[in-house]
Amino acid sequence: MKRLLGVMGDPIAHSVSPAIHTAAIEALGLDYEYLPFRVTPERVGDAVRGMRALDIRGMNVTVPHKERVIEFLDKLTPRSEATGSVNTIINDNGVLIGDTTDGEGFLRDFEMIFGPVRGKRALLLGAGGAARSVAYSLAAAGCGITIVNRTSEKAESIKSMLRRSFDDIFVEIGYNISDSVNNSDFVINTTSVGMIHPEETPLEGSYLRKDLGVYDIIYNPPRTRLMREAESVGAATANGLGMLVNQAALSFVSWTGKRPPLELMFEAASIALF
Ligand code: ATR
């Protein structure tokens, strides 16, 4: 009998997760089916409890429920506990475990492109939910972090979370953007600036330099203004498609115990998106 997997969010129609996971399920010939579920905020509890009743093996959780689902789960992994975010639920014989693979998915893609982050410094633009997960995984891997955000309380909150989670890390709030960029090896955009309005950028191009690695977690559009301006000074860039695929792959392993084919997942994501 087929086992069920899915993703819950609101809206969900444009999620590319079903395409990514279905490509992996088919390539490996597994007896699973992955479905999108539109779940409105007031139904999150019902939906999560329904996983036990319907024996749904796993669920991805996306906007706007990543924090809200937590109260309905039995256990959290340390990284979910620390970041206060769940993107993956694993149903272990009725015990629902919350995990987040966003940060680790980011880190795997990032290190594949830019090399090991241990001992390096990253400038994180933004301090929302995605930034929390990215910051946690960077810090866990030994990367120093400078956070710059429009709302400084949210940057402070990430800084405190990192200090609680890790003994020996460098983390600061950046108040002078020029110094913050100059002291960094990488710039990572976790804000939504440049997504809806492609003419906008979270960082003025004049701050960019050739030896920076610039990662934008936005994947649509695939080349943001930040990336274009970074490329024009000779800097290496990457968009967030690899993070999307890698977070999916990590969830997939948790549910099925099988390593999925990343290349095929990339292809499926690209086809679904563009
Ligand atoms: P996500 O889950 O994708 O991280 P989020 O939690 O809403 O989404 O966070 C969005 C991030 O983009 C925040 O850091 C937000 O800044 P604030 O904390 O000040 O709200 C940032 N952001 C969104 N629009 C922005 C804008 N126009 N200028 C600067 N920062 C912006």
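Read the numbers this way: they start at 1 and go in the same order the structure lists the ligands and their atoms.
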Between D99 and R79, is a salt bridge (Lys or Arg N to Asp or Glu O under 4.0 Å) present by the stated rule, with each step listed?
CA-CA 7 Å; D99 187 19; R79 59 194 182 191; 2.8 Å; yes

Would the distance check show the side chain of D216 and the main-chain N or O of N239 forming a donor-acceptor pair, the cut-off being under 3.5 Å?
no

Can you list the ligand 1 atoms lying under 4.0 Å from a non-hydrogen atom of K154?
17 (P), 18 (O), 20 (O)

Going by the 4.0 angstrom heavy-atom rule, the piece of A127 near ligand 1 is backbone

If the plane angle is over 60° it's perpendicular, under 30° parallel, otherwise tilted; pick one for Y34 and W255.
tilted

Note the single closest protein heavy atom to atom 26 (C) of ligand 1, along with its residue, its atom name and the distance in Å.
R150 NH1, 3.2 Å

Given T191, V193, T151, I158, identify the one with the heavy atom nearest to atom 19 (O) of ligand 1.
T151

Any protein heavy-atom neighbour for atom 10 (C) of ligand 1 (distance below 4.0 angstrom)?
no

R121 NZ/CZ over F170 ring centroid, <6.0 Å and within 45° of normal
yes

Point-to-point distance, once rounded to the nearest 0.5 Å, from NZ of K159 to OG of S152
11.0 Å

A student comparing P202, G194, S85, S192 should find that the heavy atom closest to atom 24 (N) of ligand 1 comes from S192

Using the ring of each side chain (for Trp, its six-membered ring), is H21 parallel, tilted or perpendicular to F252, with breaks at 30° and 60°?
parallel

Considering only protein heavy atoms, which is closest to atom 8 (O) of ligand 1, and at what distance to one decimal place?
G129 N, 4.4 Å

How far is atom 16 (O) of ligand 1 from its nearest protein heavy atom, and which residue and atom is that?
N149 OD1, 3.3 Å

Can you list the ligand 1 atoms lying under 4.0 Å from a non-hydrogen atom of G126?
14 (O)

Is there a polar contact, in the sense of an N or O pair closer than 3.5 Å, between A130 and ligand 1?
yes

For residues V69 and L54: do they belong to one hydrophobic cluster (side chain heavy atoms under 4.5 Å, members Ile, Leu, Val, Met, Phe, Trp, Tyr)?
yes

